[in-house]
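Comments concern the structure below.
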Number of protein chains: 2
Amino acid sequence: MKGGKGADGTKSAPGLRERSGTARPRMADVARIAGVSTATVSRALRQPELVSPEVRGKIAAAVEHLSYRPNLMAGALASARSKTIGVIIPSMINAFFSVTLEAIEEGLAGAGYQLLIGNSHYELETEERLITSMLAWSPAALVVTGCRHSRGAMRALLDTDVPIVEMWELTDNPIDTAIGFSQRDIGVAVARHFKERGARRLGFVGAMHQRDYRADARRAGFFETALSVGYEAPAEVQLPGLPTSVRGAKAFAELMSAHPDVDAVLCTNDIVALGALFEAQRLGWSVPERLKICGVGDVDFAAACEPGLSTVSLPRRAIGLKIAEVLRERIAGNLPTGGVHDLGFELVRRGST
Amino acid sequence: MKGGKGADGTKSAPGLRERSGTARPRMADVARIAGVSTATVSRALRQPELVSPEVRGKIAAAVEHLSYRPNLMAGALASARSKTIGVIIPSMINAFFSVTLEAIEEGLAGAGYQLLIGNSHYELETEERLITSMLAWSPAALVVTGCRHSRGAMRALLDTDVPIVEMWELTDNPIDTAIGFSQRDIGVAVARHFKERGARRLGFVGAMHQRDYRADARRAGFFETALSVGYEAPAEVQLPGLPTSVRGAKAFAELMSAHPDVDAVLCTNDIVALGALFEAQRLGWSVPERLKICGVGDVDFAAACEPGLSTVSLPRRAIGLKIAEVLRERIAGNLPTGGVHDLGFELVRRGST
DNA sequence: GATAGCGATGATAGCGGTTACATTTTCTCG
DNA sequence: CGAGAAAATGTAACCGCTATCATCGCTATC
């Protein structure tokens with residue numbers, strides 16, 4: 001029964017290491033019952049081909065009988081490697097990262113890996129803390145979001161033998177392996193798209209200006225391209241706080257009232273864009289005729305609204321699967337060298353542009 | 001520099017346990033430099049008040065100098081407890097669980113805990129596998145979603161001393177602690193709400209009928225209450241596969257074409273409901289006059305669309321914070337006994353009903 | 001028939017900490 | 001000032017498993 005339930009009055013002296021009635025079986029117990037040494041049990045469990053079928057059978061029976069589960073920490077300590085993958089993302093709420101996370105998990109769970117997840121909250125210092133504390137678990141690999149890190153984090157990442165993957169961004173100079181796409185080029189592509197669609201004056205709704213530097217890269221690409229194809233600098237407004245639809249709607253309204261000549265708006269992500277889209281409808285601007293709206297992310301939802309939201313589809317799932325693939329190779333030792341994998345993105349044109 | 005980068009031609013024999021140039025410092029190194037025993041170092045690190053300030057200073061200096069990080073696995077093995085919290089959720093993509101996850105993390109990260117996350121994909125067998133493998137890490141606590149488990153999982157959960165929290169659901173008979181709300185009552189509340197609003201004939205759009213039994217409990221509450229307040233059994237359609245907006249729109253259209261008399265629809269969640277809402281607009285049904293639509297979850301987005309989506313707001317964040325709170329107490333040993341915490345939900349009426 | 005070769009298994013030293021217990025140092029106070 | 005208690009530190013036995021190396025039969029080889 002559950003320990004710790006006070007009702008029985010058993011005051012368990014804190015700190016006293018007591019084995020409750022049925023102790024969790026150890027490998028030694030299995031070995032004893034099967035009549036072999038622990039070394040053989042260990043082998044039978046991790047490299048069965050080294051053990052004779054007969055003994056293997058006895059061990060399996062003992063394991064079954066005791067319902068033995070190896071203590072992974074002991075194993076990890078002894079072998080100096082654990083079946084754990086550390087993943088650091090800047091936000092758990094952001095559905096984009098969740099999809100990537102799920103894909104990593106799918107690609108690796110079968111091989112018995114567990115995901116150790118950390119949330120950096122878009123803060124480089126928090127990321128550094130997480131990196132060092134995750135490395136203290138000797139994970140089989142560590143996945144971080146982005147290619148920009150604090151000095152301390154950089155040192156820790158370069159200094160370890162754990163395979164490192166930087167995701168959701170590209171760089172010429174990866175610590176080890178980078179898997180993602182060019183954030184900047186997204187801005188470029190949308191600006192060009194607006195041009196093609198005949199927009200006259202561009203606008204931009206951003207968020208977390210100083211913290212989310214990936215979003216900032218998109219913005220930079222958008223602004224530079226706008227200028228280079230003949231626009232004046234896009235009108236801009238930044239959301240206070242996290243990007244939500246409600247805030248997006250409000251910010252969009254401000255943008256349009258300050259710059260009524262704007263006729264094409266890029267929003268930092270789809271959530272914001274959808275807020276803007278609805279606000280536009282409420283305000284009576286016809287989309288896409290009078291006003292074009294484009295988001296980033298291609299959330300499930302963008303395809304369902306009316307008009308459909310044009311957006312940039314990101315390889316969120318592909319990133320995760322690729323990470324899993326690379327990591328499997330990497331851990332198996334086949335792929336000693338890192339590299340950069342550009343998974344691209346896709347501008348999905350729907351009704352809103 | 002990074003190990004494993006092939007360029008230098010160093011073929012590192014696999015399996016050979018080699019220390020790269022600068023070995024990771026061990027506690028013994030710190031002890032030597034500080035001129036004390038490892039026991040003292042260990043104490044200085046985890047119960048500083050037991051060590052004299054002077055020695056503490058020397059140790060801190062040595063730690064700093066070597067940039068020593070304790071090997072958490074060794075510590076966990078020796079102390080039979082790890083600063084790890086296992087959390088099993090049925091889906092990582094589902095934003096609801098993500099919010100709870102983030103809240104758990106927020107409430108616990110400060111205390112140095114790491115989240116070990118598993119995805120059960122709404123499968124009880126997968127959950128069982130995850131439970132046993134997570135328990136093999138001796139986590140400080142284990143959080144599972146829901147109160148229904150396979151026999152094997154149940155046995156494992158009852159048999160361990162690790163504190164267990166069942167979340168997102170209530171039960172009269174928790175394994176240890178349950179923190180959530182009544183799924184069934186949500187269905188009840190929405191049925192009553194429709195009645196109050198004068199609906200004549202109810203409809204229901206569901207998903208994952210056989211897998212997501214929590215959604216099923218909502219459905220049951222809705223159907224039973226519908227009957228008990230005088231409706232005939234709601235017209236129903238089930239989505240094939242995961243609940244998405246696009247599928248929701250389609251299923252909703254089917255429902256309405258098969259049962260044109262339906263004038264109030266409960267959708268299993270907001271994503272589906274929003275698909276339905278837009279489809280309704282496309283089809284020219286006026287909302288809420290001709291047709292009322294209600295979702296579940298209160299996603300950010302539900303407040304932004306036009307008309308606003310009526311929905312049931314779930315205590316997603318509150319659940320996570322409560323879990324963190326209970327766990328902190330629990331781990332500190334103050335709160336030996338479990339219990340059931342009903343965090344309730346709230347029907348949020350917006351324009352769509 | 002002695003020897004090498006090979007597969008299967010056992011013995012055992014760690015992995016890097018934690019902690020019960022022993023020991024030493026420092027107070028406290030009659 | 002010395003005894004006893006309290007505080008600070010050291011000693012060493014684990015935690016439970018992995019991995020190296022030694023050992024033990026047996027068969028293949030000359």
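Note on naming: letters A, B, ... go to the chains in the order of the sequence lines (proteins, then strands), and numbering restarts at 1 for each one.
- Side chains of B/Glu127 and B/His149: a donor on one and an acceptor on the other come within 3.5 Å.
- Taking atom CE of residue B/Met73 and atom P of nucleotide C/dG14, one finds them 19 Å apart after rounding to whole Å.
- Here the side chain of B/Leu77 is nearest to one of C/dG17, D/dT9, D/dG16, namely D/dG16.
- A donor N or O paired with an acceptor N or O is not found under 3.5 Å between the base of D/dG16 and the side-chain atoms of A/Arg24.
- Here D/dA22 sits opposite C/dT9 as a Watson-Crick or G-U wobble pair (both hydrogen-bonding atom distances under 3.5 Å).
- Not one side-chain nitrogen or oxygen of A/Ser42 sits closer than 4.0 Å to the OP1 or OP2 atom of D/dA19.
- Comparing C/dG10, D/dT11, D/dC17 by their closest approach to the side chain of B/Ser37 singles out D/dT11.
- Residues B/Glu169 and B/Ala178 come closest through the heavy atom pair O-CB, 4.2 Å.
- Distances shown here put a side-chain N or O of A/Arg46 below 4.0 Å from the OP1 or OP2 atom of D/dT18.
- Checking A/Ala28 against A/Arg43, the closest nucleotide of DNA chain D that is more toward the 5' end is the one next to A/Ala28.
- Using a 4.0 Å heavy-atom distance criterion, A/Val55 is classed as a sugar-phosphate-only contact.
- Atom CD of A/Gln47 and atom C1' of C/dG7 are 14 Å apart (whole Å).
- Between A/Thr40 and C/dG10 there is a side-chain N or O to OP1 or OP2 distance below 4.0 Å.
- Using a 4.5 Å heavy-atom threshold, the side chains of B/Val162 and B/Pro139 count as touching.
- The phosphate of C/dG10 has neither OP1 nor OP2 within less than 4.0 Å of any side-chain N or O from A/Thr38.
- For B/Ala39, the listed nucleotide lying nearest its side chain is D/dT11; candidates were D/dT11, D/dC15, C/dG17.
- Side-chain atoms of B/Ser79 come within 3.5 Å of backbone atoms of B/Gly75 as a donor-acceptor pair (strictly under, hydrogens ignored).
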